[in-house]
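As structure tokens, the structure follows; a few thoughts come after it.
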Amino acid sequence: MASTLKTSFIPLSPSCSPSPKPPFQLPSKTLISPHLFSHPSSLLLELCSDQRELHRFLPLIIKNGIFTEHVIQTKLVSLFSRFGQLRQATLVFDRVESKIDELYHTMLKGHAKNSILEDGLLFFAQMRLADVRPVVYNFTYLLKTCGDNVELRRGKELHSQLIAHGFGSNVFAMTAVVNMYAKCRHIEDARRMFDRMPERDLVAWNAIISGYAQNGLAKRALEFVFMMQREGKRPDSITLVSVLPACADVGSLRIGRAIHGYAVRAGFELLVNVSTALVDMYAKCGLIGIARLVFDRMRVKNVVSWNSMIDGYAQCGDSGEAMALFRKMLDEGVKPTGVSIMGALHACADSGDLEQGRHVHELLLRIGLGSDVSVMNSLIAMYSKCKRPDIAAEIFGNLSGKTLVSWNAMILGYAQNGRSNDALSLFCKMQRLNVKPDSFTLVSVIPALADISVLRQGKWIHGYAIRACLDRNIFVMTALVDMYAKCGGVHIARKLFDMMDERHVTTWNTMIDGYGTHGFGEEAVKLFEEMRRSPIKPNDVTFLCVLSACSHSGLVDEGRRYFVSMKQDYGIEPVMDHYGSMVDLLGRAGRLDEAWDFIRKMPIEPGISVFGAMLGACKIHQNIELGEKAAYRLFELEPDDAGYHVLLANIYKAASMWEDVAKVRTMMEKRGLKKTPGCSFIELKNEVHTFYSGSTSHPQTKMIYAKLEALVDEIKAAGYVPITNSIHDVEDDVKEKLLNTHSEKLAIAFGLINTSPGTTIQIRKNLRVCGDCHDATKFISLVTDREIIVRDMHRFHHFKGGLCSCNDYW
DNA sequence: GTCCTTTCCG
């Protein structure tokens with residue numbers, strides 16, 4: 001019905017009209033007196049609440065011949081614009097023969113408020129060609145559109161035109177200019193224009209204050225609130241709403257509370273946007289309870305209030321309460337927006353609750369948010385955090401209008417799920433598609449490179465960071481330090497670390513841990529002492545790194561001292577992993593009884609990391625009794641982990657307790673556990689070569705085995721004795737053969753064949769390096785005069801001149 | 001009639 005009227009009144013395009021006659025005739029002006037109809041009809045039109053009703057009136061207007069009325073024409077354009085029907089508005093506009101200035105102005109407003117900026121500017125140019133004099137609000141509307149679209153170039157053009165028309169000291173126009181610069185992230189220009197204003201009203205002050213707040217210059221925003229008061233302007237509700245996010249930004253509870261007091265005294269607290277901003281401020285300042293109190297006391301809430309509260313819980317890690325509130329919001333019939341959905345997804349991601357996440361996913365599709373890119377990006381992050389990168393990838397693949405954030409979310413998702421190669425290839429793909437990576441991209445992809453441990457690509461990404469001017473970004477640099485350390489370049493890592501002007505606590509932790517995993521315990525301790533003297537305070541992770549460094553280097557006394565100092569000097573309460581590190585420290589050093597005693601005296605129930613460390617130590621020092629105790633606790637705590645079973649089996653093997661070995665095997669079979677096959681990787685030129693124990697699939701297999709045979713003879717002559725006690729049931733020569741096909745030996749032989757003398761060889765092994773391979777590698781480094789760096793599951797081994805950096809301590 | 005305002009993905 002409505003659509004028939006629509007087409008009968010205004011054809012969608014001139015050619016759409018089948019009739020030779022125009023669908024309506026403009027009646028001659030003389031027939032009807034203007035004042036008879038203009039006023040009441042205009043009022044009637046005003047009553048239309050949507051475009052459907054408006055269309056119903058149209059035949060009446062035409063019938064009564066009042067379309068010629070300027071007031072009616074303007075009203076029609078205005079209403080169509082307000083209902084978002086810019087096309088209809090334009091058609092009305094085009095129909096009018098003698099257009100008054102106001103009609104132009106209304107049409108321009110319609111363009112500015114509805115359409116893309118370009119249409120508005122084009123119309124503005126046409127208006128000028130028609131000799132219509134611009135008025136101030138032509139500029140204010142257009143400038144606002146520039147700000148909303150972050151169109152600085154257009155904004156500047158309008159700014160200069162505005163001055164040419166003599167509006168340079170008009171307070172409305174100049175406030176719009178200030179706002180435009182602020183929205184285009186040119187806050188300094190905004191400030192200059194603000195300073196140049198001959199007079200400033202409250203709105204102008206609010207514009208510059210919100211400008212500072214939105215540009216992350218919270219302190220300036222707060223300063224300006226004080227300044228405006230010195231100039232006799234009283235902050236209104238909009239001032240408060242603008243400045244409260246700034247309080248949250250600097251975490252200034254003192255000022256936040258003062259503003260709260262002011263709001264109460266001025267009666268602004270009753271306004272929904274003010275109380276919502278207060279909720280947000282308290283939540284961001286860490287007072288989630290107070291935020292909730294303010295929220296619960298609000299008599300009127302809007303969806304933003306709910307969103308602020310939900311996100312407040314999500315941000316502070318209380319995902320349970322965030323989800324509870326989200327459900328409550330739905331129960332109360334408040335329609336969620338994209339922001340609500342993102343808050344809920346954030347909570348699901350944090351708690352790893354895939355089930356709930358799926359429900360939110362269904363809900364967002366139902367309410368039509370399936371094409372909101374931000375929401376979809378959150379969804380990608382949620383599925384990744386819930387360990388379902390496959391689903392995330394599917395969503396990413398189908399997502400139209402991917403933004404940089406989408407790419408970053410997916411790359412991070414792969415990286416966090418151990419799919420480093422996928423992360424890397426996606427990073428390459430985005431560049432082929434000319435999506436320019438930013439610091440977030442690098443921070444996501446660098447750990448993936450660190451994981452693959454390929455120094456060449458690591459250096460390449462470092463170069464990339466430099467070219468992209470991201471090499472002064474503290475997060476990127478910290479990731480690079482970590483990456484170099486993990487790629488075996490611990491000294492390069494330190495050089496980078498020293499070059500940084502600013503370091504976060506994470507930066508220090510990364511470097512200390514880098515030294516630790518390379519077995520440079522003394523360096524780690526030295527760096528930690530340096531950190532203690534610096535303004536950066538160590539945190540719980542710092543102590544984990546230091547304790548682990550001490551443990552890897554056998555610095556028992558230092559480790560013990562730091563464990564005490566952690567609580568005494570820094571007030572950091574040890575958690576499970578700290579206890580685990582201590583057990584590791586004592587256990588590796590052979591003080592197994594002491595370690596067991598330490599476990600028994602722990603103030604908290606010992607967990608996996610504690611018994612895991614104990615079991616590992618028992619393997620190194622062949623303590624069957626304590627090893628069994630630790631292992632059986634682990635089987636209860638983590639029944640599906642094959643690694644602990646294998647460790648216990650290896651302890652039995654080393655003691656030739658074959659019946660017990662068989663018992664553990666049966667246990668594993670019953671539980672359906674499989675031993676992870678050992679494999680080693682080595683990079684040559686741009687390729688990564690993978691070797692499994694006994695593998696014969698490599699094209700150079702024959703050469704590799706021949707090389708290995710020759711090598712074994714050579715190192716035997718130098719004193720190497722194979723450690724065969726972990727193999728059973730076969731003759732000694734077969735045992736040796738089995739040992740000699742271990743993946744790390746194959747990789748080393750391959751490396752020796754394919755690199756020139758003197759080159760360092762880098763190997764990566766997925767499990768712990770075995771005792772015999774460790775011994776053999778020491779001898780190989782001696783007889784070939786090569787440095788061999790092996791990164792295993794836990795640490796680095798630098799083999800050189802017959803010795804290893806771990807001092808046989810791993 | 002025109003200028004300023006709250007929640008937001010990695």
Side-chain angles (χ1 to χ4, degrees), chain A residues 74 78 102 105-106 108-109 112-113 135-144 147 167 170-180 182-183 194 197 200-211 213-214 228 235-245 248 268 271-281 283-284 301-312 314-315 336-343 345-346 349 372-382 384-385 399 402-413 415-416 437-445 475:
Chain A
T74 310
S78 163
E102 214 186 353
H105 298 155
T106 307
L108 181 66
K109 176 181 174 183
K113 293 225 159 175
V135 291
V136 189
Y137 55 83
N138 296 152
F139 289 103
T140 54
Y141 284 132
L142 287 172
L143 281 166
K144 188 169 164 56
F167 297 128
N170 179 292
V171 68
F172 291 120
M174 288 315 287
T175 303
V177 168
V178 167
N179 190 244
M180 181 276 294
K183 290 264 154 55
F194 179 80
M197 290 173 74
R200 306 175 191 103
D201 62 4
L202 187 57
V203 177
W205 279 96
N206 288 344
I208 192 74
I209 288 166
S210 70
Q214 288 167 1
M228 76 185 275
D236 69 353
S237 68
I238 293 178
T239 319
L240 304 192
V241 166
S242 306
V243 81
L244 277 167
F268 293 145
L271 297 171
V272 64
N273 55 355
V274 173
S275 43
T276 299
L278 283 167
V279 167
D280 181 60
M281 183 275 297
K284 292 222 171 82
K301 298 182 180 82
N302 61 19
V303 67
V304 181
S305 326
W306 287 93
N307 293 349
S308 302
M309 197 65 238
I310 291 169
D311 212 60
Q315 296 285 348
T337 62
V339 180
S340 336
I341 297 291
M342 287 189 269
L345 288 174
H346 186 149
D372 182 316
V373 183
S374 304
V375 170
M376 296 315 269
N377 292 344
S378 289
L379 202 56
I380 290 169
M382 184 277 291
S384 300
K385 280 260 180 71
L399 183 60
K402 292 182 185 68
T403 61
L404 177 58
V405 177
S406 323
W407 288 90
N408 291 351
M410 195 62 240
I411 290 172
L412 184 67
Q416 285 174 335
D438 66 357
S439 62
F440 281 94
T441 324
L442 291 192
V443 169
S444 307
V445 78
F475 297 100

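So you know, we letter chains A, B, ... as the sequences are listed, proteins then strands, and number each from 1.
Contact annotation for A:Lys144: backbone-only contact, meaning every heavy-atom pair under 4.0 Å involves sugar-phosphate atoms and none involves a base. As judged by a 4.0 angstrom heavy-atom cut-off over every strand, A:Asp201 is placed among the base-contacting residues. Across all strands shown, A:Glu102 has heavy atoms under 4.0 Å from base atoms, whether or not it also approaches the sugar-phosphate. Residue contacts shown for A:Val171 include a base, since a base heavy atom lies under 4.0 Å away. Base contact: A:Thr175 has a heavy atom under 4.0 Å from a base atom. The residue A:Asp236 sits apart from the nucleic acid: no heavy atom pair falls under 4.0 Å. At the heavy-atom level, A:Lys284 lies under 4.0 Å from the strands shown only through sugar-phosphate atoms.
For A:Lys402, no side-chain nitrogen or oxygen approaches OP1 or OP2 of B:dC9 to under 4.0 Å. Taking only side-chain nitrogens and oxygens, A:Lys183 never comes nearer than 4.0 Å to OP1 or OP2 of B:dC3. Between A:Gln214 and B:dC4, a side-chain N or O to OP1/OP2 separation shorter than 4.0 Å is absent. Under 4.0 angstrom from either OP1 or OP2 of B:dT5 there lies no side-chain N or O belonging to A:Asn206.
Note that CZ of A:Phe194 is 7.0 Å distant from CE of A:Met197, once rounded to the nearest 0.5 Å. Considering NE2 of A:His105 and OH of A:Tyr137, their distance stands at 5.5 Å, rounded to 0.5 Å. To the nearest 0.5 Å, atoms OG1 (A:Thr175) and CE (A:Met180) are separated by 12.5 Å. The distance from the CD1 atom of A:Ile341 to the CE atom of A:Met382 is 10.5 Å, given to the nearest 0.5 Å.
What separates CE of A:Met281 from C1' of B:dT7 is a distance of 15 Å, to the nearest Å. The nearest whole Å value for the distance from the CD atom in A:Gln416 to the C1' atom in B:dC9 is 14 Å. Rounded to whole Å, atom C1' of B:dG1 lies 5 Å from atom OH of A:Tyr141. The interatomic distance linking A:Asp280 (CG) with B:dT5 (P) rounds to 16 Å, in whole Å. A straight line from CG of A:Leu240 to C1' of B:dT6 spans 11 Å, rounded to a whole angstrom. Nucleotide B:dT2 holds its C1' atom 11 Å from the NE2 atom of A:His105, rounded to whole Å. Following rounding to the nearest Å, A:Phe194 (CZ) and B:dC4 (P) show an atom-to-atom distance of 14 Å. Spacing between atom CE of A:Met309 and atom P of B:dC8 amounts to 13 Å, rounded to whole angstrom units.
A donor and an acceptor atom never sit less than 3.5 Å apart when one is taken from the side chain of A:Ser378 and the other from the base of B:dC9. Side chain A:Asp311 to base B:dT7: no donor-acceptor pair is found below 3.5 Å. Remark: the A:Asn307 side chain and the B:dT7 base include a donor-acceptor N/O pair separated by less than 3.5 Å.
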Show me the donor-acceptor pairs, under 3.5 Å and distance only, between side chains in residues 272-280 of chain A and residues at least two apart or in other chains.
from     : atom 1 : to       : atom 2 : distance (Å)
A:Ser275 : OG     : A:Leu271 : O      : 3.0
A:Ser275 : OG     : A:Val272 : O      : 3.3
A:Thr276 : OG1    : A:Val272 : O      : 2.7
A:Thr276 : OG1    : A:Ser305 : OG     : 2.9
A:Asp280 : OD1    : A:Lys284 : NZ     : 2.7
A:Asp280 : OD2    : A:Lys284 : NZ     : 3.1

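Minimum atom distance to the side chain of A:Tyr137 is reached by B:dT2, of the listed B:dC9, B:dC4, B:dT2. For A:Asn377, counting side-chain heavy atoms from C-beta on, the closest listed nucleotide (B:dC9, B:dT7, B:dC4) is B:dC9. Residue A:Val304 has its side chain nearest to B:dT7 when only B:dC4, B:dC9, B:dT7 are considered. Across B:dT5, B:dT2, B:dT7, the shortest atom-to-atom separation from the side chain of A:Val136 is found for B:dT2. Among B:dG1, B:dT7, B:dT5, the nucleotide with an atom closest to any side-chain atom of A:Pro245 is B:dT7.
For A:Thr403 and A:Ser406, the side-chain atoms include at least one donor-acceptor pair closer than 3.5 Å. No side-chain donor-acceptor contact under 3.5 Å links A:Thr239 and A:Ser242.
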